[in-house]
Amino acid sequence: MASTHTRDPGTPRHVAVIMDGNGRWASRRALPRHLGHRAGVKAVRSTVEGCARRGVEALTLFAFSSENWGRPAEEVARLMQLFVEAMEREVEELDRNGIRLRFIGDLGTLKAEVRERIAATEERTASNTRMTLNVALSYGGRWDIARAARRLAERVARGEITPDSVDEASIAAELELAGSPEPDLFIRTGGEQRLSNFLLWSLAYTELYFCDVLWPDFDDDELERACRHFAGRQRRYGLTSEQVARV
Ligand code: IPE
Ligand code: IPE
Ligand code: MG
């Protein structure tokens, strides 16, 4: 079994994915949209396994955005049902493979049934260390930053910290992904080249990879292509390429 110690130097520590294109995958087959979401579960399984095998430490998947609540009620209900079923069906295998699950987002907006399943899934896998799988549900990047700001403001109001101690590190420490390395590689399937309010703060220096393949068709070969793209990038963080080559 691969562990973080076997990670190739060109392998990202943290991969973040916008799983887009399920609806179009279904429409092209004259199927209802919800069957596209169902078909996407296989790609989730393959991506989780593929990342764990490559020694990725954290994988963050965008499953449902704060804006997705505006979709037709039936699609939202089908998605919630699918999340519950997928957690029930997959938790054992994930646990056996050493995957820790965490859910990030405004979870209070979810129905009790979904929240209970989330709590059970997180608890069951809490001690696993091979890879952390963060699932973003009812998540918005702006919501995350606003929440961090509110928490810091509350601490200032209680007199625990002073306003001048609010800096990049203290904001980052209040975000949902606090404690994870920042994503190295961002992948968006489905052809759109936008962030759609995903991890706005943490993606500041992430390498972006967009592909046209629709999410249900994203398999290990596609993941390999994305990882190769990443391995070929020079990350400069504002420096010159000569400076970076020297270190
Ligand atoms: C992504 O696929 C899944 C969710 C947003 C929940 P879409 O449902 O957005 O698929 P397209 O973009 O309509 O094809
Ligand atoms: C982003 O996809 C959200 C998820 C994949 C969960 P959308 O399909 O909602 O994004 P837009 O509407 O094309 O920006
Ligand atoms: Mg979409």
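None of the values given here were measured: they were computed from a predicted structure. Each ligand, and each atom within it, is numbered from 1 in the order the structure gives.
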- Query: Does Arg235 come within less than 4.0 Å of Glu207, counting only side-chain N to carboxylate O?
  - Reply: yes
- Which residue supplies the protein heavy atom nearest to atom 6 (C) of ligand 1, what is that atom called, and how far is it? Ala63 O, 3.4 Å
- Query: Can you tell me if His37 and Asn22 form a side-chain donor-acceptor pair at under 3.5 Å?
  - Reply: yes
- Query: Are Asp106 and Thr109 linked by a side-chain donor-acceptor pair shorter than 3.5 Å?
  - Reply: no
- Item | Atoms in ligand 2 with a heavy atom of Phe64 nearer than 4.0 Å | 6 (C)
- Between the side chains of Arg100 and Ser127, is a donor N or O closer than 3.5 angstrom to an acceptor N or O? no
- Message: Quick test: of every protein heavy atom, which one is nearest to atom 14 (O) of ligand 2, and how far off is it to 0.1 Å?
- Response: Ser196 OG, 2.6 Å
- Item | Distance-only side-chain donor-acceptor flag, Asn97 / Glu49, under 3.5 Å | no
- Message: Show the atoms of ligand 1 that are less than 4.0 angstrom away from any heavy atom in Arg24.
- Response: 11 (P), 12 (O), 14 (O)
- Task: Carefully, step by step, assess Thr162 and Val156 under the rule side-chain contact (heavy atoms from CB on, under 4.5 Å).
- Result: CA-CA 6 Å; Thr162 57; Val156 170; over 6 Å; no
- What do you reckon, does Gly190 put a non-hydrogen atom under 4.0 Å from ligand 1? no
- Query: Nearest protein heavy atom to atom 10 (O) of ligand 1, by residue and atom, and its distance?
  - Reply: Gly23 N, 2.9 Å
- Task: List the closest protein heavy-atom neighbour of atom 13 (O) of ligand 2: residue, atom name, distance to the nearest 0.1 Å.
- Result: Arg194 NH2, 2.8 Å
- Query: Taking only heavy atoms of Arg71, which atoms of ligand 1 are found under 4.0 Å from at least one of them?
  - Reply: 5 (C), 7 (P), 8 (O), 9 (O)
- Message: Closer than 4.0 Å to some heavy atom of Met19 - which atoms of ligand 1 meet that?
- Response: 1 (C), 2 (O), 3 (C)
- Query: Counting each atom of ligand 2 from 1 as listed, which ones have a heavy atom of Ile18 under 4.0 Å away?
  - Reply: 1 (C), 5 (C)
- Query: Under 3.5 Å between some N or O of ligand 1 and some N or O of Asp20?
  - Reply: yes
- Quick check: does Asn68 get an N/O under 3.5 Å from an N/O on ligand 2? yes
- Query: Side chains of Asp167 and Ser170: donor-acceptor distance under 3.5 Å anywhere?
  - Reply: yes
- Message: Can you confirm whether or not the ring centre of Phe103 sits under 6.0 Å from the ring centre of Tyr139?
- Response: no
- Message: Please determine whether a side-chain nitrogen of the Lys or Arg among Asp8 and Arg54 lies less than 4.0 Å from a carboxylate oxygen of the Asp or Glu.
- Response: no
- Query: Which bit of Phe198 is near ligand 2, meaning a heavy atom under 4.0 Å away: side chain, backbone, both or neither?
  - Reply: neither
- Taking the six-membered ring for Trp, are Phe64 and Phe83 parallel (under 30°), tilted (30 to 60°) or perpendicular (over 60°)? perpendicular
- Decide whether Thr60 and His14 meet the rule of one side-chain donor and one side-chain acceptor closer than 3.5 Å. yes
- Query: Do Arg33 and ligand 1 have an N or O pair less than 3.5 Å apart?
  - Reply: yes
- Task: Each residue besides Leu214 in its hydrophobic cluster should be listed here, by chain and number; the cluster joins Ile, Leu, Val, Met, Phe, Trp and Tyr at side-chain heavy-atom distances under 4.5 Å.
- Result: Trp25, Leu31, Leu35
- Item | For the Mg ion (ligand 3), every protein N/O/S atom that sits closer than 2.8 Å, waters excluded | Asp20 OD1
